[in-house]
Structures are given as structure tokens and as C-alpha cells.
Amino acid sequence: MSGGLLDHGERGSGTVLAAGLALVVIMAMSLVLLLAQSAVMASRAAAAADLAALAAADALRGLTVGEPCAVAADVAGQHAARVVSCTAGADQTIEVSTELVARTVLGTATGRARAGPPP
């Protein structure tokens with residue numbers, strides 16, 4: 001009879017354990033998805049900065065028309081980013097920093113690139 005009382009005291013503990021384990025798995029998956037989203041956004045910001053810097057370098061060298069930083073802002077805008085800074089160097093290089101317009105839970109993704117003529 002005492003064995004039956006012990007069985008009733010632990011009845012349903014497997015359900016609680018399974019629910020707790022499921023919660024841990026869901027939280028871990030959410031964290032992985034947030035980190036993956038941040039990595040994708042950082043890659044998009046870097047690509048926008050690269051393209052903006054290349055376009056601005058072409059404008060700086062006179063290969064295309066337009067003011068280099070305005071060209072960079074236009075190209076970054078086409079990639080859902082905005083130019084944070086645009087600096088032209090003395091050796092016909094240009095450095096562009098961008099940030100994506102869309103924000104994630106972990107913050108804003110930024111990118112930075114430098115372009116110019118080959119050395």
C-alpha cells in the first residue's frame with residue numbers, strides 16, 4: 001500500500017520535465033535565429049558599404065558623373081542602407097560607412113568599406 005502512495009506523489013512529473021525541456025529548446029532556437037538574423041543583416045550592411053564605396057570611387061576618379069558621397073548615398077539607398085560617413089582621401093580613395101535602415105532586436109547593422117584605384 002505504501003508503494004502506491006509514492007507513485008501518486010511523483011505523478012505528472014514527467015510532463016513538467018518535458019515542458020521544461022521544450023521551453024529550453026525553444027529559447028535556444030530563438031537565440032540561434034536572432035544570431036543568424038544579425039549575421040545576415042551585418043552581411044547586407046557590409047555589401048551596401050562595399051558597393052557604395054566602389055561607386056563613389058568611380059565618381060571620385062571621374063569614371064562616372066556625380067559627387068562621390070552623393071553617389072555613395074544613392075547606391076546605399078538602393079540597398080536599404082544609409083551612409084553614416086563618407087571621406088575622400090588624398091590618394092583618390094574613399095571610405096564609406098553605412099547602416100541598414102531596418103533594425104534588429106540586437107541593434108543596427110553597420111558596414112564599412114574603402115575603395116580606390118589599384119596600388
Side-chain angles (χ1 to χ4, degrees):
M1 193 93 158
S2 64
L5 290 176
L6 290 177
D7 288 342
H8 291 299
E10 293 185 16
R11 191 171 197 123
S13 63
T15 303
V16 173
L17 182 64
L21 184 60
L23 184 63
V24 168
V25 168
I26 289 171
M27 294 294 286
M29 290 298 294
S30 298
L31 180 62
V32 166
L33 288 175
L34 277 175
L35 292 174
Q37 180 189 24
S38 294
V40 167
M41 298 293 267
S43 177
R44 287 180 56 203
D50 287 342
L51 293 171
L54 287 170
D58 284 348
L60 183 66
R61 293 177 56 203
L63 299 175
T64 59
V65 296
E67 194 271 320
C69 289
V71 171
D74 184 46
V75 170
Q78 292 175 4
H79 294 279
R82 65 176 153 260
V83 172
V84 177
S85 70
C86 178
T87 308
D91 54 350
Q92 290 189 328
T93 61
I94 192 149
E95 189 169 327
V96 176
S97 295
T98 61
E99 68 179 19
L100 290 184
V101 175
R103 295 178 57 92
T104 65
V105 175
L106 299 176
T108 303
T110 60
R112 188 170 149 224
R114 190 172 143 241

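Note that the CD1 atom of Ile94 and the CG atom of Asp58 stand 10.5 Å from one another [nearest 0.5 Å]. Here Thr64 contributes atom OG1 and Leu54 contributes atom CG; the two are 11.0 Å apart, rounded to the nearest 0.5 Å.
Heavy atoms only, all atoms of each residue included: Thr98 and Val84 are closest at C-CG2, 4.1 Å. Ala49 and Gly111 get closest at one heavy-atom pair: CB-C, 3.7 Å. Nearest heavy atoms, Val96 versus Ala53: CG2-CA, 3.8 Å. Pairing each heavy atom of Ala59 with each of Gly66, the nearest pair is CB-O, 3.6 Å. Of all heavy-atom pairs between Val83 and Ala76, the closest is CG2-CB, 3.9 Å.
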List the atom pairs, with distances to 0.1 Å, where a side-chain N or O of residues 31-47 and a protein N or O form a donor-acceptor pair under 3.5 Å, not counting sequence neighbours.
residue	atom	partner	partner atom	Å
Ser38	OG	Leu34	O	3.1

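Under the salt bridge (charged side-chain N to carboxylate O under 4.0 Å, His left out) criterion, the residue pairs touching residues 106-119 are Glu95-Arg112, with sequence neighbours excluded. Residue pairs meeting the side chain to side chain donor-acceptor pair (under 3.5 Å) criterion with at least one partner in residues 82-92, sequence neighbours excluded, are Arg82-Glu99, Ser85-Ser97, Asp91-Thr93.
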